[in-house]
Structures are given as C-alpha cells and as structure tokens.
Amino acid sequence: MEIEIKIRLASEEHTARLEHALGGSPVSVEDQDNVFFDGVNKELIKNKLVFRIRVIEKSGKEPVAVVALKGNAVLIDGIASVEEEEEAIEIDLARRIIENPGLIPEAANSHRLLKKIVNRIPCSEGYSHMGRFRNVRHKYQWQDYLVEVDRTSYPHGTAYEIEIESTDPEKAKSRL
C-alpha cells in the first residue's frame, strides 16, 4: 500500500519559498497530463476505484505513459493511505485510449493492468472520460526523501501541493 504525505500550499509565493528551501534546483521536472476514466454508469467510482492514464513529458526525453488503479483511499491528518497499482503503457496506445475510451476492452487483451480493471469491475456499456488536469511536478531530493512539488492547473485556477511517499509517514510529516 502506498502511503503519502500531502500538504496543500496556499499560493505560488509559498510554493516558490518552499522550493528555495529545498535547494532551488529540482532533480527533475515533469509535465503531466492526467486523464481519468470510468464506466458509462460510473461502475468504478461506485466501487471506490480510480482509473487514470498519465502521460509524462520530461525535457530532452521521449514521453512515457502509466496506467494507475487506486482504491480504498483514507486521508487522516494529511496522510493518505491508498492501494495503488501502476503499470507502464505504450505511449501511442495510451494516446489512442485517451482519444477513444471505447478501446479500453480491446487494449486490455495485451495489457495486464487494463485487463485487471476490465475484469474486476465490468462496464458493459463501455467507458468514458471522467476528467482531466495538467500538472507540473518538480522533484527534489531532501534529507532521505524524494519531495514532489506540484502545480496543478484546473479550469478554475491552480492548486499547489507537496507530496512525500514514506513507510514512516508520521516521521516524515514531523520532519517537514
């Protein structure tokens, strides 16, 4: 199970100050396009599951894509515990699915996690987009942690967040 510490930041100014305190220069920067899917009748969300395809672009590198299935999330005092499974997917296939979610059942024949999603919660009337957002993620090495600082763009504005994954979330949260 993945355990994350997530903390919302108030503004771009707070985010910039935090990044300066982390050393100023990230070890990597990712431009992420996050696309969420569900069955036409909301079968996945009714079962507290989230299905996402993320396309990640890093400067100077070819884009990559990842399928994720998340479920049973619990958030207590800024510490999120969530069952999450991720698997790389061929970038062209990911883009075709994003363009046409109806391809998901066919694509599941050659992709282990898509097959698991399709078999776990059948969506007999097909799949559709549930939402989409863009995110710029700056990654910093700080003490024993990889710290991810996100700027997430929504139609209504930008959200700022810091995220750390840890096997000892209480310790990581107190060190922050």
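Fair warning: this is a prediction, and the values are worked out from it, not measured in the lab.
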> Please check if atom CZ in Arg112 has more than 12 non-hydrogen atoms from other residues, nucleotides or ligands closer than 6.0 Å.
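Result for CZ/Arg112: enclosed.
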> Please name the pair of heavy atoms, one in Pro105 and one in Val118, separated by the smallest distance, quoted to 0.1 Å.
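Scanning both residues, the minimum pair turns out to be CA-CG2, 4.3 Å.
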> Is it the case that the side chain of His111 and the backbone of Ala88 share a donor-acceptor pair, with hydrogens and angles ignored and the cut-off at 3.5 Å?
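Yes; judged by distance alone, with no hydrogens or angles, the pair exists.
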> According to a hydrophobic-cluster definition based on side-chain heavy atoms being under 4.5 Å apart (Ile, Leu, Val, Met, Phe, Trp, Tyr only), do Ile98 and Ile117 belong together?
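Yes, because Ile98 and Ile117 connect within a single hydrophobic cluster, where side-chain heavy atoms sit under 4.5 Å apart.
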> Is the distance between the ring centroids of Phe36 and His129 under 6.0 Å?
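No, ring centres 6.0 Å or more apart.
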> Donor-acceptor check, side chain of Asp150 to backbone of Glu161, threshold 3.5 angstrom: yes or no?
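No, Asp150 side chain to Glu161 backbone: no donor-acceptor pair under 3.5 Å.
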> Write down the atom of Gly71, the atom of Leu49, and the distance for their closest heavy-atom approach.
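Closest heavy-atom pair between Gly71 and Leu49: CA-CD2, 3.9 Å.
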> Which atom pair, heavy atoms only, marks the closest approach of Asn41 to Lys46?
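The answer is O-NZ, 3.0 Å.
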> Under the side chain to side chain contact (heavy atoms under 4.5 Å, CB included) criterion, do Val147 and Leu18 qualify, and how do the steps go?
CA-CA 11 Å; Val147 179; Leu18 170 69; 5.6 Å; no
> How many angstroms lie between CG in Asp38 and CD1 in Ile45, if you round to the nearest 0.5 Å?
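Asp38 CG to Ile45 CD1: 6.5 Å, rounded to 0.5 Å.
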> Might you confirm whether atom CD of Gln143 has over 12 heavy atoms from other residues, nucleotides or ligands at distances under 6.0 Å?
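Enclosed.
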> Once the angle between the rings of Phe37 and Phe51 is folded into 0 to 90°, is it parallel (under 30°), tilted (30 to 60°) or perpendicular (over 60°)?
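The rings of Phe37 and Phe51 sit tilted, inter-plane angle from 30° to 60°.
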> Give a yes or no on whether Val29 and Val55 share a hydrophobic cluster (residues Ile, Leu, Val, Met, Phe, Trp, Tyr; joining criterion: side-chain heavy atoms under 4.5 Å apart).
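No, it is not one cluster - the side chains of Val29 and Val55 are not joined through contacts under 4.5 Å.
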> Any link between Leu44 and Val82 through a network of hydrophobic side chains (Ile, Leu, Val, Met, Phe, Trp, Tyr) touching at under 4.5 Å?
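No, no single cluster joins them.
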> Do Thr152 and Asn34 have side-chain heavy atoms sitting under 4.5 Å apart?
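Side-chain contact under 4.5 Å: no.
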> What distance do Leu9 atom CG and Arg17 atom CZ have between them, rounded to the nearest 0.5 Å?
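Separation between the atoms: 10.0 Å.
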> For a salt bridge (charged side-chain N to carboxylate O under 4.0 Å, His left out) with Glu85, tell me which candidate from Lys116, Arg52, Arg120 qualifies.
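With Glu85 as partner, Lys116, Arg52, Arg120 yield a single salt bridge (charged side-chain N to carboxylate O under 4.0 Å, His left out), made by Lys116.
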> Leu103 and Tyr127: same hydrophobic cluster, using ILVMFWY side-chain contacts below 4.5 Å?
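The answer is yes; both residues are in one hydrophobic cluster.
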> First locate atom CD of Glu148, then atom NZ of Lys139, and finally report the distance between them rounded to the nearest 0.5 Å.
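Rounded to the nearest 0.5 Å, the CD-NZ separation comes to 5.0 Å.
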> From Tyr160 OH over to Glu13 CD, what is the distance, rounded to the nearest 0.5 angstrom?
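Reported value, rounded in 0.5 Å steps: 11.0 Å.
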> Dump the intermediate steps for salt bridge (charged side-chain N to carboxylate O under 4.0 Å, His left out) on Arg95 and Glu99, then the final yes or no.
CA-CA 6 Å; Arg95 287 182 169 146; Glu99 187 69 30; over 6 Å; no
> Within a strict 4.5 Å, meaning less than it, do heavy atoms of the Leu146 and Gln141 side chains meet?
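Yes, at least one pair of side-chain atoms sits under 4.5 Å.
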> In Å and rounded to the nearest 0.5 Å, what is the CG to CD1 distance from Leu113 to Ile89?
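If we round to the nearest 0.5 Å, Leu113:CG and Ile89:CD1 are 9.0 Å apart.
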> Glu30 and salt bridge (charged side-chain N to carboxylate O under 4.0 Å, His left out): which partner among Lys61, Arg151, Lys58?
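That would be Lys58; it is the only one of Lys61, Arg151, Lys58 passing the salt bridge (charged side-chain N to carboxylate O under 4.0 Å, His left out) with Glu30.
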> Please find the pair of heavy atoms, one from Ala108 and one from Lys115, that lie closest to each other, and give the distance.
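Shortest heavy-atom separation between Ala108 and Lys115 comes out as O-CB, 3.3 Å.
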> Which atoms form the tightest heavy-atom contact between Ile91 and Ala65, and what is the distance?
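That would be CD1-CB, 3.8 Å.
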> Examine distances only and state if a side-chain atom of Lys171 and a backbone atom of Ser166 form a donor-acceptor pair shorter than 3.5 Å.
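No: the side chain of Lys171 does not pair with the backbone of Ser166.
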> Let me check something: do Ile53 and Ile56 share a hydrophobic cluster, defined by ILVMFWY side-chain heavy atoms less than 4.5 Å apart, either directly or through other members?
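No.
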> Give a yes or no on whether the backbone of Ala94 and the side-chain of Glu90 come within a donor-acceptor separation of less than 3.5 Å.
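No; judged by distance alone, with no hydrogens or angles, the pair does not exist.
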> Ignoring hydrogens, what is the shortest heavy-atom contact between Glu86 and Ala68? Give both atom names and the distance.
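Nearest pair, atom of Glu86 first, then Ala68: CG-CB, 3.9 Å.
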> Report the distance from atom CD1 of Ile162 to atom NZ of Lys6, rounding to the nearest 0.5 Å.
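Here the rounded value is 12.0 Å.
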